[in-house]
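First comes the structure, then the notes that go with it.
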Amino acid sequence: RPRPRSPASRRGRYGALALKVTPSAFCTRVAMPLKQAVSVVTEWLLHHAGYPIGRNGVTLVIGQYQLLVADACSGMNSLLTLESLGLLYMRLMNYTSKARNIFLAIAIIPTSFIANVTRVVILVLVTYYFGDEVGQGFVHDFSGLVLFAVSLVGIYFIDRLAGVFFKDGARGQKGAA
């Protein structure tokens with residue numbers, strides 16, 4: 001008669017499956033389409049603004065410079081960080097409407113993407129006008145702060161707009177006069 005399997009042995013079977021789908025593999029699969037989208041939108045915006053820009057995959061060519069949209073520029077890290085900040089914001093605001101919270105959580109995704117495109121556009125223009133050393137130096141690091149500022153302001157305005165459609169105050173405000 002076969003012995004029943006213990007919960008530990010069942011976890012072992014599924015644990016092997018979990019090893020095949022690691023967070024880095026997931027992030028890589030999501031980051032590539034994000035990099036592609038960021039480079040396509042950046043090229044489109046700058047081309048329509050009259051800049052001499054071209055694109056080959058995720059490499060942007062403007063003037064004499066070739067700029068690679070790297071994994072870090074895909075926006076995956078900022079998306080995860082901004083989603084966490086957005087969830088913290090929703091927790092601090094203490095909204096009672098599940099629909100409003102779901103709307104805000106979903107709205108963070110395009111807001112993060114727009115902020116990331118803004119960052120890449122700024123870096124491309126800084127490199128075009130001031131050179132590669134300036135674009136890859138302090139400005140590159142500082143542009144991360146711009147990304148978060150644009151995102152947080154965007155989330156705030158989306159929340160104000162959501163207040164028009166979702167008639168739900170924060171829990172702490174219901175009894176206020």
Side-chain angles (χ1 to χ4, degrees), residues 19-93 100-164:
L19 288 176
K20 291 182 182 181
V21 184
T22 62
S24 67
F26 172 76
C27 288
T28 302
R29 287 185 182 178
V30 174
M32 188 58 189
L34 280 173
K35 286 191 324 187
Q36 189 74 23
V38 166
S39 60
V40 166
V41 172
T42 300
E43 179 204 18
W44 185 87
L45 287 171
L46 292 175
H47 174 75
H48 282 80
Y51 286 95
I53 189 165
R55 183 181 53 83
N56 183 10
V58 294
T59 302
L60 297 170
V61 180
I62 186 164
Q64 64 186 13
Y65 302 105
Q66 290 186 0
L67 306 166
L68 174 69
V69 178
D71 286 341
C73 296
S74 71
M76 188 64 190
N77 292 334
S78 60
L79 173 65
L80 295 173
T81 303
L82 289 168
E83 191 68 40
S84 298
L85 287 173
L87 294 174
L88 175 65
Y89 173 80
M90 287 185 281
R91 178 70 180 123
L92 292 174
M93 295 306 290
R100 183 177 187 161
N101 288 336
I102 291 170
F103 172 76
L104 286 173
I106 292 171
I108 290 170
I109 296 169
T111 304
S112 173
F113 179 78
I114 291 167
N116 197 45
V117 168
T118 304
R119 177 182 189 233
V120 172
V121 166
I122 289 170
L123 289 173
V124 168
L125 290 176
V126 165
T127 301
Y128 179 68
Y129 284 111
F130 301 107
D132 192 41
E133 291 152 5
V134 176
Q136 299 304 314
F138 171 75
V139 175
H140 186 269
D141 297 332
F142 183 74
S143 66
L145 294 173
V146 172
L147 176 133
F148 281 100
V150 169
S151 293
L152 293 175
V153 168
I155 291 167
Y156 175 77
F157 282 116
I158 288 171
D159 182 33
R160 294 298 108 207
L161 181 65
V164 173

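Below, all heavy atoms of this structure are taken into account, side chains as well, without hydrogens, waters or symmetry copies.
- The CG atom of Leu46 lies 8.0 Å from the CG atom of Leu60; values are rounded to the nearest 0.5 Å.
- Remark: Ile102 engages Ile106 in a side-chain contact (heavy atoms from CB on, under 4.5 Å) (not counting sequence neighbours).
- Every residue meeting the side-chain hydrogen bond (donor to acceptor under 3.5 Å, both in side chains) condition with Tyr51, not counting sequence neighbours, appears here in chain and number order: Tyr129.
- No donor-acceptor pair closer than 3.5 Å links the side chain of Ser112 to the backbone N or O of Ile109.
- Evaluation of the side-chain hydrogen bond (donor to acceptor under 3.5 Å, both in side chains) rule for Tyr89 yields Asp159 as partners, not counting sequence neighbours.
- Among residues two or more places apart in sequence or in another chain, the ring-ring contact (aromatic ring centres under 6.0 Å, His included) test is passed with Phe142 by Phe138.
- The environment of Gln66 atom CD is sparse: at most 12 non-hydrogen atoms of other residues, nucleotides or ligands sit within 6.0 angstrom.
- Once rounded to the nearest 0.5 Å, the distance linking OG1 of Thr42 with CD1 of Ile122 reads 10.5 Å.
- Side-chain contact between Met32 and Val58: present, with at least one pair of heavy atoms (C-beta onward) separated by less than 4.5 Å.
- Side chains of Val121 and Leu45 form a contact here, defined as non-hydrogen atoms less than 4.5 Å apart.
- Among residues two or more places apart in sequence or in another chain, the side-chain hydrogen bond (donor to acceptor under 3.5 Å, both in side chains) test is passed with Thr118 by none.
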Point to revise | Evaluation steps, side-chain contact (heavy atoms from CB on, under 4.5 Å), between Val38 and Phe113 | key: CA-CA 8 Å; Val38 166; Phe113 179 78; 3.6 Å; yes
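- Using a 4.5 Å cut-off on side-chain heavy atoms (C-beta onward), Val120 and Leu67 make no contact.
- Atom CD1 of Ile158 is separated from atom CD1 of Ile108 by 8.5 Å, given to the nearest 0.5 angstrom.
- Evaluation of the side chain to side chain donor-acceptor pair (under 3.5 Å) test over residues 54-65, restricted to residues two or more places apart or in two chains, returns Glu43-Arg55.
- The minimum heavy-atom distance between Gly135 and Thr127, with the atom names listed, is CA-OG1, 3.5 Å.
- A distance of 11.5 Å separates CG in Leu88 from CE in Met93, rounded to the nearest 0.5 Å.
- Atom-to-atom distance recorded for Asn116:CG and Phe148:CZ is 9.5 Å, nearest 0.5 angstrom.
- The main-chain N or O of Ala107 is found under 3.5 Å from a side-chain atom of Thr111 such that the two form a donor-acceptor pair.
- Judged purely by atom type and a 3.5 angstrom limit, Arg119 has no side-chain atom pairing as donor or acceptor with the backbone of Leu145.
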